[in-house]
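In what follows, a structure is listed as structure tokens, so that the remarks can point back to it.
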Amino acid sequence: MIFKKRTHNCGELSQTNINENVTLNGWVSKKRDLGGLLFIDIRDRYGITQLKINPDNSSVYEIANRLGQEFVISATGMVMKRESINKNIPTGEIEIDVNEIEILNESDIPPFVIENDVKAADDLRLKYRYLDLRRKNITDNLILRNKVYQVVHRYFEKHGFVEVETPILMKSTPEGARDYLVPSRVHKGKFYALPQSPQIYKQILMVSGLDRYVQICKCFRDEDLRADRQPEFTQIDLEMSFVTQDDVFQILEGMFKEIWREVKDIDLPESFTRLTYDEAIECYGIDKPDLRIKGGLKIVNITDAVRNSEFKVFNDAINSGGTIAGIRLQGSEVSRKIIDSLTDFVKNLGLGGLGYLKFNADGSVQSPLTKFLSTEITESVKQAFSAGNGDTVFILSGVRKKVQSVLGQLRLKLAEIFKLTDESKYEFAWITDFPLFNYDEEEKRFVAEHHVFTMPKDEYLKFLDSRNIEEVESIRANCYDLVLNGHEIISGSIRIHKPDIQKKVFDVIGLTDEEARQKFGFILEAFRYGAPPHGGAAVGFDRIIAILCGLNSITDTIAFPKTLKASSLMDECPSEVSTGQLEELGISIVKKS
RNA sequence: GGAGUCGUAGUUCAGUUUGGUUAGAACGCCUGACUGUCACUCAGGAGGUCGCGGGUUCGAGUCCCGUCGAUUCCGCCA
């Protein structure tokens, strides 16, 4: 096909090009027909330029009149200074006085209008994703994403990392998320799994002596989805030999500093905040605290302060070994209506009720609890919270873990209601020293918190032989997350490289030698040939892009995302396959009755 | 697996509380007018399986049951 190719894109012409003869290729974005004069906005991913069509040029005018939304055109003409300037767009000082126009392709009337402030619902946008992607703010997300890819590649190259591709078809491993399975035609009845992460391969690469591995890779998990979880997602996966936790942190902090500098022109702090898991839970009730909240809204334990009160609810909690704790809200006016909604909120999360004390400006105390609390106890509660007049404290009581986690959620709720989150901030925090195991009450066994290759901290190795729930759960691991604005964006650990420790970990989770050999035989075997001390991490790439783009969901950081039910509305997958295909794989479908 | 919200014109929504005449608006689309617009303006017009199935009723967009889809959250995500 012969057509007049562009000399410029639709976003680059300015006053300096005046009187140049140019050709633009692009899509018809908007038509303004003044009866005589006709203005057309032509759009490509670089921008929008105004075309002017004069009725005197009847052949051009006739074609231009036929143009509809999203027609693809080639327009040639002279760059002119506009009579009235449009300050809203970069090319607003000029227009093209068109003397030649060509329709390269027509378009059906689009199902929704392509504009930045799109009105179409999510499912329609996903069905016509190619149209949605024509919108500048989605294109810009993909362009920013590309920029981060390039920064990351350059950064790791600079630091001596080798990018190695690992298999997409791999062995299904038992622990962790549900695998996506791929049936084998050659080995009927057998399956590959798509990687939940390249965990095992990257550790084996360390045994191979690759020393520093990185990969921007796709991972797949067949679990229920959320706004920040897609069935297939992207990680920056890395692993390093002969390192401690601090070495891994240093490399990753450097990466974020470089990304933020290049993409946002922001200098991140020299080193990131660190909290242990226990501190995070204690202060924020969650292992991914949002540190942007003004006033901190830290959790304060007041069990001791109210120990001798007359309040049955508190005393019951204390007598059964529970906790009484709360949060201080500084200065805000808390209405009856808000307290009622907060009470519903904590009740829905499984607690009996929400206590509160309002310390009024005049020094009086307003609370349904005052009749149970002596003046002394009220005063010591006030001191425990460092509360001043005008502050309100919210108090929960019950089982320690439950109280902490609900306070953690209440904290976020309060920040939302009273707009306490500083949206302009990027608050990074390492969370370290995660528990290695927790006891699964349903399955009556210990399960790994992170994964089974995570190295316990030296001082806890002695508990690997214990089966006492408290002792085993107390084991802390060389395991860490990086949290950004309340989102977990990195998870990693120093790995076990010693067979004897690995065996003990398998013992704790109840994996027999035989099972371990079946499931992880190849990696255990590899580890017998001189595995170096090593560790690494995986970075949630989509989440970082979402945060950089100011999005709550990762959907629009991904060109072709799936819905919460893991289907793609554009290509309608998953889909049925022919009986021939199934026969070849030795698969028959069981119809649900 | 569970809970919430939503589903009405091509699109975004109103109408559902309290069942009752011909289901409305805006944008888009079509026709006409308009030579400096940039959310062009003005006049006119077409356009509906009220997601789908069943039930209650003289009568259902509206009430009830089921189901499908999108979305938010819990469980889940080593």
Side-chain angles (χ1 to χ4, degrees), chain A residues 29-42 48-56 61 68-70 80-89 91-93 95 97 108-128 131 173-179 196-197 199-200 219-231 233 344-345 348-350 405-406 409 412-413 434-438 440 442 446-454 477 479 488 491-493 505 509 511 519-520 538 540 552-553 555 561-567 569 572:
Chain A
S29 173
K30 210 106 207 194
K31 223 167 121 181
R32 288 176 295 278
D33 183 354
L34 272 61
L37 266 185
L38 179 56
F39 295 100
I40 291 168
D41 289 338
I42 181 171
I48 286 179
T49 301
Q50 176 166 282
L51 306 177
K52 185 187 86 172
I53 286 105
N54 202 297
D56 302 344
Y61 189 73
Q69 299 268 356
E70 301 306 315
M80 310 286 277
K81 186 171 165 57
R82 284 202 201 182
E83 283 188 19
S84 56
I85 285 166
N86 182 350
K87 292 201 175 83
N88 299 321
I89 58 173
T91 62
E93 293 188 331
E95 66 193 0
D97 189 8
D108 284 357
I109 295 160
F112 55 89
V113 182
I114 294 162
E115 54 196 346
N116 268 349
D117 189 17
V118 75
K119 292 183 187 71
D122 294 336
D123 43 353
L124 196 75
R125 290 175 49 208
L126 286 176
K127 182 172 180 195
Y128 298 96
L131 297 181
T173 50
E175 300 280 317
R178 195 176 293 115
D179 283 324
Q196 298 167 25
S197 87
Q199 185 62 36
I200 290 171
C219 302
F220 307 84
R221 291 178 192 172
D222 188 2
E223 292 293 345
D224 289 339
L225 305 168
R226 292 284 189 285
D228 61 353
R229 284 194 233 151
Q230 282 272 319
F233 60 100
D344 286 346
F345 181 74
N348 281 333
L349 294 171
S405 95
V406 175
Q409 294 174 71
L412 296 175
K413 193 76 186 172
F434 274 78
L436 187 60
F437 303 106
N438 72 52
D440 187 321
E442 274 177 32
F446 294 102
V447 294
E449 270 277 327
H450 184 59
H451 61 57
V452 292
F453 307 112
T454 304
C479 183
E488 177 199 319
S491 189
S493 62
V505 169
I509 64 167
L511 206 62
K519 291 165 176 169
F520 301 112
N552 292 322
S553 160
T555 312
K562 293 187 173 55
T563 69
L564 286 187
K565 288 204 175 144
S567 49
L569 301 178
E572 295 180 317

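Computed from a predicted structure; not experimentally measured. Proteins get letters first, then strands, A, B, ... in listed order; numbering begins at 1 in each.
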Which residues share a ring-ring contact (aromatic ring centres under 6.0 Å, His included) with A:Phe345, sequence neighbours left out:
none
A:Arg125: what forms a salt bridge (Lys or Arg N to Asp or Glu O under 4.0 Å) with it, not counting sequence neighbours?
A:Asp122, A:Asp132, A:Asp556
Exercise: identify the closest heavy-atom pair between A:Leu38 and A:Asp33
CD1-CA, 3.6 Å
A:Asp344 CG to B:rC73 C1': how many Å, rounded?
16 Å
B:rG54 and B:rA39: how far apart are their C1' atoms, nearest whole angstrom?
46 Å
What is the minimum heavy-atom distance between A:Lys81 and A:Glu95, and which atoms define it?
O-OE2, 4.5 Å
If you take atom types as modelled and just measure distance, does the side chain of A:Arg221 reach the base of B:rC77 with a donor-acceptor pair under 3.5 Å?
no
In 5'-to-3' order, the base (B), backbone-only (S) or no-contact (-) status of each nucleotide in nucleotides 26-35 of chain B, using a 4.0 angstrom heavy-atom cut-off, is --SS----BB
ring-ring contact (aromatic ring centres under 6.0 Å, His included) against A:Phe437, all qualifying residues, sequence neighbours excluded
none
Look at the side chain of A:Leu564 and decide which nucleotide, out of B:rU37, B:rG36, B:rU72, has an atom nearest to it.
B:rU72
Base, sugar-phosphate, or nothing: which does A:Glu488 touch, judged by heavy atoms less than 4.0 Å apart?
nothing
Could you tell me how far apart A:Arg125 (CZ) and B:rA70 (P) are, to the nearest whole angstrom?
15 Å
Paired with B:rA23 by Watson-Crick or G-U wobble geometry, both distances under 3.5 Å: which nucleotide is it?
none
If you measure from the ring centre of A:Phe112 to the centre of the six-membered ring in the base of B:rU11, is it under 5.5 Å, with the planes under 30° apart?
no
Counting only distance, no hydrogens or angles, is the base of B:rG36 paired donor-acceptor with the side chain of A:Lys52 under 3.5 Å?
yes
Just the rounded figure in Å: distance from P of B:rC68 to CG of A:Leu569.
16 Å
Expressed as a whole number of Å, how far does the C1' atom of B:rU8 sit from that of B:rA25?
13 Å
Those residues at least two apart in sequence (or on a different chain) that pass salt bridge (Lys or Arg N to Asp or Glu O under 4.0 Å) with A:Glu115 are A:Lys119
Which part of the nucleic acid, if any, lies within reach of A:Leu349 when heavy atoms closer than 4.0 Å are counted: base, sugar-phosphate only, or nothing?
nothing
Could you give the CG-to-C1' distance, from A:Leu51 to B:rU37, as a whole number of Å?
13 Å
Say we look at B:rG53 and B:rG61: how far apart would their P atoms be, to the nearest angstrom?
13 Å
From the list B:rU37, B:rG75, B:rA70, which nucleotide is the closest neighbour of the side chain of A:Arg226?
B:rG75
Between B:rG75 and A:Glu223, counting only base atoms on the nucleotide and side-chain atoms on the residue, is there a donor-acceptor pair under 3.5 Å?
no
Taking B:rG69, B:rA39, B:rG75 as options, the one with an atom nearest any side-chain atom of A:Asn88 is B:rA39
Report the residues that fulfil ring-ring contact (aromatic ring centres under 6.0 Å, His included) with A:Phe434, sequence neighbours left out, ordered by chain and then residue number.
A:Tyr277
Using the side-chain heavy atoms of A:Asp122, tell me which of these nucleotides is nearest: B:rC77, B:rC73, B:rU71.
B:rU71
Mind calculating the distance between CZ (A:Arg82) and P (B:rC40) to the nearest angstrom?
12 Å
For residues A:Ala448 and A:Ile509, report the shortest heavy-atom separation together with the two atoms involved.
N-CG2, 4.1 Å
Tell me the interatomic distance from A:His451, atom NE2, to B:rC77, atom P, rounded to whole angstroms.
15 Å
Between C1' on B:rA39 and CD on A:Gln50, what's the gap in Å once rounded to a whole number?
14 Å
A:Asp224 CG to B:rA3 C1', straight-line distance once rounded to whole Å
14 Å
